[in-house]
Asker: 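After the structure tokens below, expect a handful of questions from me.
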Amino acid sequence: MNIFYAVGVISVFIASFSQTLLKKSASKAYPNKIREYLNVLVISGYSLLGISMVLTLICYKKIGYMQSVVLEPLSYISVIFFGRLLFSEKISINKILGIILIIAGIIIFNV
């Protein structure tokens, strides 16, 4: 496996985790607008998004766009699992079917 595919997968997981941090921050109440935007969760979330963006750009320079497009649907899968871990969200049968379809699409695209 090319190292840049691994960088792409890591970038997707970082972006998904950062989205989960931002969702966690949005679910909290803050005393004022400044604290709403300047807190650990928001700053960490946006910092991780920046890191993910840089990693994605590195990935796109080394592997073709058509090959890297396959990595993006992994974010849907990872957001479901991060939601389960951090918010105790239930994974419904529809979500499981969606994950199966995403994985099947990735496999079909690569064949």
Asker: So how far is it from Asn39 CG to Tyr30 OH, rounded to the nearest 0.5 Å?
Answerer: 3.5 Å
Asker: Taking atom types as modelled and ignoring hydrogens, do the side chains of Ser16 and Tyr76 form a donor-acceptor contact shorter than 3.5 angstrom?
Answerer: no
Asker: Would a single hydrophobic cluster contain both Tyr46 and Ile51, if residues Ile, Leu, Val, Met, Phe, Trp and Tyr are joined by side-chain heavy-atom contacts under 4.5 Å?
Answerer: no
Asker: With rounding to the nearest 0.5 angstrom, report the CG to CD1 distance, Leu85 to Ile80.
Answerer: 12.0 Å
Asker: First locate atom CZ of Phe81, then atom CZ of Phe13, and finally report the distance between them rounded to the nearest 0.5 Å.
Answerer: 9.0 Å
Asker: Might you work through the side-chain contact (heavy atoms from CB on, under 4.5 Å) test for Phe87 and Thr20, ending with a clear yes or no?
Answerer: CA-CA 9 Å; Phe87 298 110; Thr20 308; 3.6 Å; yes
Asker: Enumerate the salt bridge (Lys or Arg N to Asp or Glu O under 4.0 Å) contacts for residues 59-84, please, sequence neighbours excluded, ordered by first and then second residue.
Answerer: none
Asker: Are Ile99 and Ile107 grouped together when hydrophobic residues (ILVMFWY) are joined by side-chain heavy atoms under 4.5 angstrom apart?
Answerer: yes
Asker: Stepwise, does the side-chain contact (heavy atoms from CB on, under 4.5 Å) test hold for Leu21 with Val42?
Answerer: CA-CA 7 Å; Leu21 289 177; Val42 170; over 6 Å; no
Asker: When rounded to the nearest 0.5 angstrom, what distance separates CD1 in Ile93 from CG in Leu97?
Answerer: 5.0 Å
Asker: Please, which pairs that meet salt bridge (Lys or Arg N to Asp or Glu O under 4.0 Å) have at least one residue in residues 24-44, sequence neighbours excluded?
Answerer: Lys33-Glu36
Asker: Under 3.5 Å, is there a donor-acceptor pair between the side chain of Ser47 and the main chain of Ile43?
Answerer: yes
Asker: Testing the basics here: between Ser18 and Gly45, what is the closest heavy-atom pair and its distance to 0.1 Å?
Answerer: CB-O, 3.2 Å
Asker: Roughly how far, to the nearest 0.5 Å, is CD1 of Ile58 from CD1 of Ile63?
Answerer: 12.0 Å
Asker: Is a side-chain donor or acceptor of Lys95 paired with a backbone partner of Ile77 at a separation under 3.5 angstrom?
Answerer: no
Asker: Could you tell me whether a side-chain N or O of Ser52 sits under 3.5 Å from a main-chain N or O of Leu48, the two making a donor and an acceptor?
Answerer: no
Asker: Does Ile34 have more than 12 heavy atoms from other residues, nucleotides or ligands lying within 6.0 Å of its CD1?
Answerer: no
Asker: Any chance you could lay out the side-chain contact (heavy atoms from CB on, under 4.5 Å) test for Leu22 and Leu41, step after step, and finish with the verdict?
Answerer: CA-CA 6 Å; Leu22 292 171; Leu41 292 174; over 6 Å; no
Asker: Are Ile10 and Val79 linked, directly or through intermediate hydrophobic residues, by side-chain heavy-atom contacts shorter than 4.5 Å (ILVMFWY only)?
Answerer: no
Asker: Could you walk me through whether Cys59 and Tyr5 pass the side-chain contact (heavy atoms from CB on, under 4.5 Å) test, one step at a time?
Answerer: CA-CA 7 Å; Cys59 178; Tyr5 285 110; 6.0 Å; no
Asker: Kindly work out whether a path of hydrophobic side-chain contacts (I/L/V/M/F/W/Y, heavy atoms less than 4.5 Å apart) joins Met53 to Leu71.
Answerer: no
Asker: For a side chain to side chain contact (heavy atoms under 4.5 Å, CB included) with Ile14, tell me which candidate from Thr56, Leu55, Val9, Leu49 qualifies.
Answerer: Leu55
Asker: For the backbone of Ser75 and the side chain of Ser78, can you confirm whether one donor and one acceptor N or O come within less than 3.5 Å of each other?
Answerer: yes
Asker: Do Leu57 and Val54 share a hydrophobic cluster, counting only Ile, Leu, Val, Met, Phe, Trp and Tyr and linking them when any side-chain heavy atoms are less than 4.5 Å apart?
Answerer: no
